[in-house]
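Working notes, structure below.
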Amino acid sequence: MRVATWNINSIGARLPKLLEWLERAAPDAVCLQELKSTPEAYPLKELEEAGYTSAVNAGGRWNGVAILSKVGLDDVTVGLTPGPGFPEADGPHEARAISATCGGVRLWSVYVPNGREVDNPHYAYKLEWLGALRAAVAADAAGPRPFAVLGDFNVAPTDKDVWDISLFGENSTHVTQAERDAVTALEGVGLREVMPRALKYDVPFTYWDYRELGFPKNKGMRIDLVYGNAPFAAAVSDSYVDREARKGKGTSDHAPVVVDLDV
DNA sequence: ATGCCCGTTGTTAACGGA
């Protein structure tokens with residue numbers, strides 16, 4: 001079974017590239033982020049014609065996540081489970097999480113808040129959101145079924161996961177210890193990172209800014225991550241970042257992360 | 001060549017992205 005995660009930066013603008021990639025890579029299930037789509041505008045029919053059913057949490061102009069599957073979509077849950085300290089309780093709902101079981105594998109597709117700047121309220125929201133995610137996935141993570149959280153975490157796990165750490169200042173997000181701790185706290189509920197292979201260069205970056213020749217110069221970041229429980233990790237036969245999908249015109253600024261499983 | 005920002009919206013400027 002092949003699963004993948006991809007921040008596609010608008011499913012409307014990206015549909016031709018998405019359909020092309022689905023045919024080429026032939027994943028069984030795909031976690032998508034940044035749909036930037038209303039529920040009405042989501043291209044359900046086009047994806048069905050390509051062989052994929054969809055579980056969608058679309059929020060309109062911003063955010064939005066989905067799971068595509070060729071192998072079933074069962075027990076879909078939308079958003080994070082409300083509870084004490086639930087960060088969305090005081091603001092508008094943001095479409096940043098959805099989960100489903102696909103072919104016996106439980107998957108969460110997540111779009112972690114950006115944070116903007118360390119002194120911006122959005123940064124605190126980001127840390128709270130990651131805490132709520134940890135609580136929300138704890139039961140699935142502890143279960144016997146292969147389970148993984150896949151998505152755009154908006155956190156580079158180590159200094160090596162950005163092209164030049166010296167360019168990140170005191171107020172820069174994505175690289176702070178608090179953000180990294182909030183992500184690695186997932187290990188406390190039994191998850192561990194599934195590391196992808198690099199197809200080129202040392203570090204398999206997943207994001208390159210559209211500006212200033214980010215991709216050709218490989219000024220990238222590794223922020224799209226896969227965290228799996230022990231049964232999931234044990235089933236992994238390969239994982240890589242499909243940087244081919246970042247080449248050319250009309251692409252997302254992120255590349256897909258692919259994980260092959262013996263299940 | 002992988003090539004000089006992109007996507008969305010009470011659009012023609014502003015904002016988010018990271």
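Just so we're on the same page: letters track the sequence lines, and every chain starts at 1.
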Test item: side-chain donor near acceptor, A:Trp208 and A:Asp253, under 3.5 Å
no
B:dC4, B:dG7, B:dA18: which one has an atom nearest the side-chain heavy atoms of A:Lys249?
B:dC4
Rounded to the nearest angstrom, tell me the gap between atom NE2 in A:His122 and atom C1' in B:dC15.
13 Å
Rounded to whole angstrom units, what separation is found between the CD atom of A:Glu212 and the C1' atom of B:dC5?
10 Å
For atom CE of A:Met221 and atom C1' of B:dG17, their distance in whole Å
11 Å
Name the nucleic acid region contacted by A:Asn120, choosing base, sugar-phosphate or nothing; use a 4.0 angstrom heavy-atom cut-off, strictly under.
nothing
State which of B:dG3, B:dA18, B:dC15 makes the closest approach to the side chain of A:Tyr207.
B:dA18
Can A:Asp242 and A:Arg24 be counted as an ion pair, charged N to O under 4.0 angstrom?
yes
Kindly point out which of B:dA18, B:dC6, B:dG16 is positioned nearest to the side chain of A:Trp62?
B:dG16
NZ/NE/NH1/NH2 to OD/OE distance under 4.0 Å, A:Arg2 and A:Asp28
no
Salt bridge present between A:Lys45 and A:Glu48 (N-O < 4.0 angstrom)
no
How far does the C1' atom of B:dG16 sit from the matching atom of B:dT11, given to the nearest Å?
16 Å
Decide whether A:Ser99 and A:Thr77 meet the rule of one side-chain donor and one side-chain acceptor closer than 3.5 Å.
yes
Where the side chain of A:Glu34 is defined as all heavy atoms beyond and including C-beta, which of B:dC6, B:dT8, B:dA18 is the nearest nucleotide?
B:dA18
What's A:Gly248 touching, base or sugar-phosphate or nothing? Going by heavy atoms closer than 4.0 Å.
sugar-phosphate
So what does A:Asn154 touch, heavy atoms closer than 4.0 Å: a base, only the sugar-phosphate, or nothing?
sugar-phosphate
When the nearest nucleotide of DNA chain B is assigned to A:Ala13 and to A:Asn7 on a heavy-atom basis, which residue is associated with the more 5' position?
A:Ala13
Tell me what A:Lys126 touches on the nucleic acid: a base, only sugar-phosphate, or nothing, going by heavy atoms under 4.0 Å.
nothing
Tell me: CZ of A:Arg61 to P of B:dA14, nearest whole Å?
13 Å
In this structure, how many angstroms lie between the C1' atom of B:dC4 and the CZ atom of A:Arg246, rounded?
12 Å
What integer distance in Å separates A:Glu117:CD from B:dA18:C1'?
9 Å
Of the candidates B:dC6, B:dA18, B:dG17, the side chain of A:His254 sits closest to B:dA18
Applying a 4.0 Å non-hydrogen cut-off, can you work out what A:Phe153 is touching in the nucleic acid: base, sugar-phosphate, or nothing?
nothing
